[in-house]
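Worksheet for the structure shown next.
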Amino acid sequence: MHSENPTPGAQAPADVPDLDTDTLGSELEQLRHALASLREEALRERAELDNQRKRLARDVDQARRFANEKLLSQLLPVLDSLEAGLKAAGDAGGPLKDGLELTLRQLLKVGEDNGLAQISPEGQAFDPEWHQAISQLASPDAAPGTVVQVFQKGYALNERLLRPALVVVAAG
């Protein structure tokens, strides 16, 4: 008996794809290339994400370190006034002078705790990045280019210049 339905699961020879090894090798090579490209892209994206994380952490650290910059820069004239008051008091002692000294020390301590540092360069070499020369003076006791007098102390916040020191420099 001849049946019109072939046995289940059997395929006709015309339906079998042509298994050319060159074609399969080419497809395999394309898939390997695509996989390598995807791996490379994933590595690049991971590196970019890591760099973005590092930038964000650095920005947050900078914001934290310099958050008090405006407040501290507004307090600099107060420090100048206290120092001028102490200078005007001279050698005269008393409770008023003692109070001014204590207030100045406390204010400087608060500034130091927040990263503020005084720049008082008398006797040091002139540095245009940290000092602002307002004049030159012939001074036989000082080497040329040395700060001989400080008119106004400078300040730095976490090693970044907040205000340059106003100085007189020895002429050469």
Side-chain angles (χ1 to χ4, degrees), residues 33-172:
H33 180 70
L35 180 61
S37 295
L38 287 173
R39 283 182 178 157
E40 190 175 307
E41 184 179 334
L43 284 174
R44 262 190 256 114
E45 287 182 8
R46 184 178 295 155
E48 185 178 330
L49 183 61
D50 191 40
N51 288 339
Q52 200 172 31
R53 257 191 235 120
K54 288 176 184 176
R55 270 193 308 273
L56 182 60
R58 188 174 51 242
D59 290 347
V60 166
D61 182 54
Q62 290 285 61
R64 182 188 51 76
R65 289 181 68 200
F66 298 106
N68 296 330
E69 184 174 11
K70 185 176 180 182
L71 173 66
L72 291 172
S73 65
Q74 290 175 348
L75 286 176
L76 296 183
V78 176
L79 290 170
D80 293 339
S81 296
L82 287 171
E83 287 178 348
L86 285 171
K87 194 174 188 178
D91 293 333
L96 184 58
K97 184 177 179 187
D98 293 343
L100 281 175
E101 286 175 345
L102 180 61
T103 303
L104 179 62
R105 278 197 308 267
Q106 287 175 335
L107 195 53
L108 286 173
K109 174 76 169 107
V110 169
E112 287 172 11
D113 291 347
N114 286 283
L116 188 68
Q118 283 187 342
I119 302 170
S120 186
E122 193 163 340
Q124 299 175 6
F126 175 74
D127 182 354
E129 291 187 27
W130 294 94
H131 315 140
Q132 183 177 345
I134 55 174
S135 69
Q136 285 189 326
L137 180 67
S139 177
D141 299 335
T146 303
V147 175
V148 292
Q149 186 178 2
V150 177
F151 275 115
Q152 185 181 57
K153 290 180 182 176
Y155 289 91
L157 179 59
N158 292 317
E159 299 177 15
R160 184 166 80 181
L161 185 65
L162 195 57
R163 181 180 81 186
L166 299 179
V167 298
V168 175
V169 181

Mind checking the [atom1]-[atom2] spacing from [X] to [Y]? Nearest 0.5 Å is all I need.
X	Y	atom1	atom2	value
L86	D98	CG	CG	9.5 Å
L108	T103	CG	OG1	11.0 Å
L116	L72	CG	CG	5.5 Å

Just distance, no hydrogens or angles: give the donor-acceptor pairs under 3.5 Å from side chains in residues 146-171, sequence neighbours left out.
residue	atom	partner	partner atom	Å
T146	OG1	A143	O	2.8
Q152	NE2	D80	OD2	3.2
K153	NZ	E83	OE2	3.3
K153	NZ	Q118	OE1	3.4
Y155	OH	Q118	NE2	3.3
N158	ND2	R65	O	2.7
R160	NH2	E69	OE1	2.8
R163	NE	K153	O	3.3
R163	NH1	D80	OD2	2.7
R163	NH2	D80	OD1	3.1
R163	NH2	D80	OD2	3.2
R163	NH2	K153	O	2.7

For this session: Give the minimum heavy-atom separation between P77 and S73, together with the two atoms involved.
Result: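 Heavy atoms of P77 and S73 come nearest at CD-O, 3.7 Å.
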Is any side-chain N of the basic residue among [X] and [Y] closer than 4.0 Å to the acidic one's carboxylate O?
X	Y	value
R64	D61	yes
K54	D50	yes
E48	R44	no

Exercise. For K109, which residues count as a side-chain contact (heavy atoms from CB on, under 4.5 Å) partner, sequence neighbours excluded?
Worked result: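 D113.
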Going by atom type alone, with no hydrogens or angles, which donor-acceptor pairs under 3.5 Å involve a side-chain atom of residues 128-135 and a protein atom two or more places apart or on another chain?
residue	atom	partner	partner atom	Å
H131	ND1	D127	N	2.9
H131	ND1	D127	O	3.4

